[in-house]
Amino acid sequence: MLKQEGDAVEMLLTGFAPALVNAIRRTIINNVYTIAIDDVTIYKNTSSMYDEVLASRLGLLPIKTLSSLNKGEKSFTFKLKETGPKAVHASDLICEDEDVKPVYGDMLIINLREGEAIELEAKAVFGNGQDHTKFTPAHVFYHFYPVIDIKKGEVKGAQKIASLCPVDILDGNGNKLTVKKGKLPECILCKACEDYAGSDVIKISSDTDRIVMNVESWNQLETKEILKEAISALETEVKEIAKKV
Ligand code: SF4
């Protein structure tokens with residue numbers, strides 16, 4: 001674990017083939033089950049928002065998916081009945097199962113003006129990214145571990161070179177250019193520094209045996225659960241392939 005900030009983790013994977021890391025990434029995106037609203041029955045909508053847009057907004061709300069809930073056919077019904085003037089938030093959706101609720105209660109669904117009203121029922125179901133991207137539990141990306149070689153001795157324009165780094169990991173102090181302590185894994189290999197100063201001053205390359213992987217959860221599931229679910233889904237697929245070969 002390189003870093004853990006709220007819902008985001010950064011991990012260092014050593015000895016992993018890039019294909020395997022990519023398989024884990026794709027499995028997180030496509031094969032991990034979460035709950036999302038999938039069917040909306042609108043009984044009343046006198047707001048300025050079309051029914052379809054309202055339903056689409058509800059579908060995109062991240063819903064807390066407790067690992068204790070059984071995946072499968074089970075569905076969860078939310079009710080919403082509001083009259084304006086009112087800012088209707090995700091927390092106004094009431095589910096029959098009190099463990100199932102929107103992750104971010106303060107997400108705005110609609111601003112109702114005086115006299116406007118909505119009344120609806122929304123059915124949430126389990127699904128994964130193959131069904132619809134709204135079920136995808138996280139943003140996942142990876143890159144090779146960066147290697148930065150800086151010329152020894154004085155570096156002309158060190159401050160300017162450091163200022164070009166979009167992730168602010170270089171330190172340009174006088175004629176000295178260094179990588180800030182503990183910041184090396186954050187290099188995104190953009191080469192903006194090398195393009196400006198030349199490879200004889202600063203050379204960027206990557207260590208293909210080490211991979212930095214980032215998982216930023218949307219919080220339906222915790223990051224650890226996302227990884228566990230993804231690895232177990234990947235194992236199941238590999239076993240199925242093995243049976244068929
Ligand atoms: S390659 Fe890009 S991110 Fe890395 S140190 Fe240079 S400017 Fe910064």
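Counting starts at 1 for both ligands and their atoms, following the listed order.
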Region of Pro146 engaging ligand 1 - heavy atom pairs below 4.0 Å: neither
Which segment of Val179 sits under 4.0 Å of ligand 1 when only heavy atoms are counted: neither
By number and element, which atoms of ligand 1 are closer than 4.0 Å to a non-hydrogen atom of Val167?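 Atoms satisfying the 4.0 Å criterion: 3 (S).
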Out of all atoms in ligand 1, which are within 4.0 Å of some heavy atom of Pro166? Include the element for each. 7 (S)
Identify the protein heavy atom lying closest to [atom], giving its residue, its atom name and the separation to 0.1 Å.
atom                    : value
atom 3 (S) of ligand 1  : Ile188 N, 3.4 Å
atom 4 (Fe) of ligand 1 : Cys187 SG, 2.3 Å
atom 6 (Fe) of ligand 1 : Cys193 SG, 2.3 Å

Basic-acidic side-chain contact under 4.0 Å: Lys86, Asp92: yes
Strictly below 4.0 Å, N to O, side chains only: are Glu186 and Lys180 in salt-bridge contact? no
Phe141 ring center near His139 ring center (under 6.0 Å):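 Yes, ring centres under 6.0 Å apart.
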Decide yes or no on side-chain contact (heavy atoms from CB on, under 4.5 Å) for Arg57 and Ile110, but give the supporting numbers first. CA-CA 9 Å; Arg57 285 180 78 86; Ile110 184 170; 5.7 Å; no
Does the shortest distance from atom 4 (Fe) of ligand 1 to an N/O/S atom of Cys190 fall below 2.8 Å? no
Test item: Tyr196 and Lys160 side chains (from C-beta on) under 4.5 Å apart, heavy atoms: yes
Using 2.8 Å as the threshold, say whether any N, O or S atom from Cys165 sits that close to atom 8 (Fe) of ligand 1. yes
Could you measure the distance from the CD1 atom of Ile63 to the CZ atom of Phe78? Nearest 0.5 Å is fine.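 Between atom CD1 of Ile63 and atom CZ of Phe78 there are 4.0 Å.
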Going by heavy-atom distance to atom 1 (S) of ligand 1, choose the closest among Glu186, Lys191, Lys203.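 The option holding the nearest heavy atom is Lys191.
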Please check this pair: side chain of Thr223 against backbone of Ser217, looking for a donor-acceptor N/O pair closer than 3.5 Å. no
